[in-house]
Amino acid sequence: MSYEQTRFTQGAAIARNAQQPPPSADDLGSTMSHPAAMAEQTRWLRIGCAFEYRAEIETPTVFQVQPNGDGVRVTGERWSMQPDVPIRHYRDIYSNPCTRVVLPVGSSRLRYEAFAEVPDVADDVAEDAAEVPPDRLPDDVLLYTLPSRYCLPDVLGDEAWSRFGSVSPGYRRVQRICSHVHDHLNFRYGSSTTMSTAADVNASRFGVCRDFTHLAISFCRALNIPARYVFGYLPDLDVRAQPGPMDFAAWMEVWLAGRWWTFDPRNNTPRKGRVPIGRGRDAADVAMATTFGGPHLERMRVTAEECVRQG
């Protein structure tokens, strides 16, 4: 039996056992008003990053560090490259902003700085948001139900259905997935590599924020719930500051009730101040830096902090 047939056969059987009625047209089309659209209060952030490389040969590189988020206003952007080499900007197939440079032989430094105005509200929550059956998903959303480089719903499908198949479909089921991943994995820098998949970290029980996200996405997709990977800047607004230097953050967006909703299996709580940089199937689509060669990254710095009002 093919992978697709196995997935949907399992799903149909468990849905019958749970006697869960399908969502109505009203459920599928209803969305709560986005708090960000209604919020009058905003806060200002200083965001940015710097990379220092040493290359043995000229190395073409693509950076993804520039914000790409609805509801976020960016101003005062500044780019610098030392030594001075051409910088070119474009958008990828997911409409994420990307920057192309050729790292010269020897040492080089790329720096990006900006200010971002963000709504003073946490992530939307709607516990009654319904799942959308696969046959009613928008064409461009279907992609996010399939396996990808790091997200393996086919490998983790049996576990996903056994753990979450009987949970009431919708927002609460996705939150149950996030809570499980949050409790199951232990955050540890250096515990995974660029080769580690969701199945790997599920077995080892160690990872970083991207691994938490890959595992939660895999469980969602195994249940036919579209989920996509997001990474960006996440300041410590109205929460206790995390120890250690600031870094990029990863979370996911899940398609429910006709729109994307933010979920964060690493922090497992609504947060303020998210500034998305890239969205894609997984981290392979939105790497902060893709190098066509083997330069040595000597130093990286990420900034995401509140600042005084700009302008």
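- The distance from the CG atom of Leu256 to the OH atom of Tyr171 is 8.5 Å, given to the nearest 0.5 Å.
- At least one test fails for Arg46 against the ring of Trp44: distance under 6.0 Å to the centre or angle within 45° of the axis.
- Ring orientation note: the planes of Tyr53 and Phe51 are close to parallel, at an angle under 30° on the 30°/60° scale.
- Checked against a 6.0 Å centroid threshold, the rings of Phe212 and Phe263 do not count as neighbours.
- Here Phe219 contributes atom CZ and Ile225 contributes atom CD1; the two are 12.0 Å apart, rounded to the nearest 0.5 Å.
- Taking the six-membered ring where tryptophan is involved, the planes of Phe248 and Phe231 are perpendicular, since the angle between them exceeds 60° and thus also 30°.
- Once rounded to the nearest 0.5 Å, the distance linking CZ of Arg210 with OG1 of Thr194 reads 6.5 Å.
- Tyr144 and Trp260 have their aromatic ring centers within a separation under 6.0 angstrom.
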Test salt bridge (Lys or Arg N to Asp or Glu O under 4.0 Å) on Asp236 and Arg271 and set out the steps. CA-CA 9 Å; Asp236 296 321; Arg271 291 283 296 268; 3.4 Å; yes
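- The environment of Arg301 atom CZ is dense: over 12 non-hydrogen atoms of other residues, nucleotides or ligands sit within 6.0 angstrom.
- Residue Arg176 qualifies as open at atom CZ: its count of foreign heavy atoms under 6.0 Å is 12 or below.
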Report the C-alpha distance between Arg259 and Asp124 in whole Å, list the side-chain angles of each, state the deciding distance to 0.1 Å, and finish with yes or no for salt bridge (Lys or Arg N to Asp or Glu O under 4.0 Å). CA-CA 11 Å; Arg259 56 162 282 194; Asp124 293 358; 3.0 Å; yes
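- Within the 4.5 Å cutoff, the side chain of Leu45 has heavy atoms near those of the Leu237 side chain.
- Within the hydrophobic cluster formed by Ile, Leu, Val, Met, Phe, Trp and Tyr side chains joined at under 4.5 Å, directly or through other members, Val62 is accompanied by Tyr90, Phe292.
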Pair Asp128, Arg172 - check salt bridge (Lys or Arg N to Asp or Glu O under 4.0 Å), show working. CA-CA 8 Å; Asp128 294 329; Arg172 291 180 179 87; 3.2 Å; yes
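- Inspection of the Gln66 and Asn96 side chains reveals no N or O donor paired with an N or O acceptor under 3.5 Å.
- Looking only at distances, a side-chain donor or acceptor of His214 sits under 3.5 Å from a matching main-chain atom of Ala283.
- More than 12 heavy atoms of other residues, nucleotides or ligands sit less than 6.0 Å from atom CZ of Arg91.
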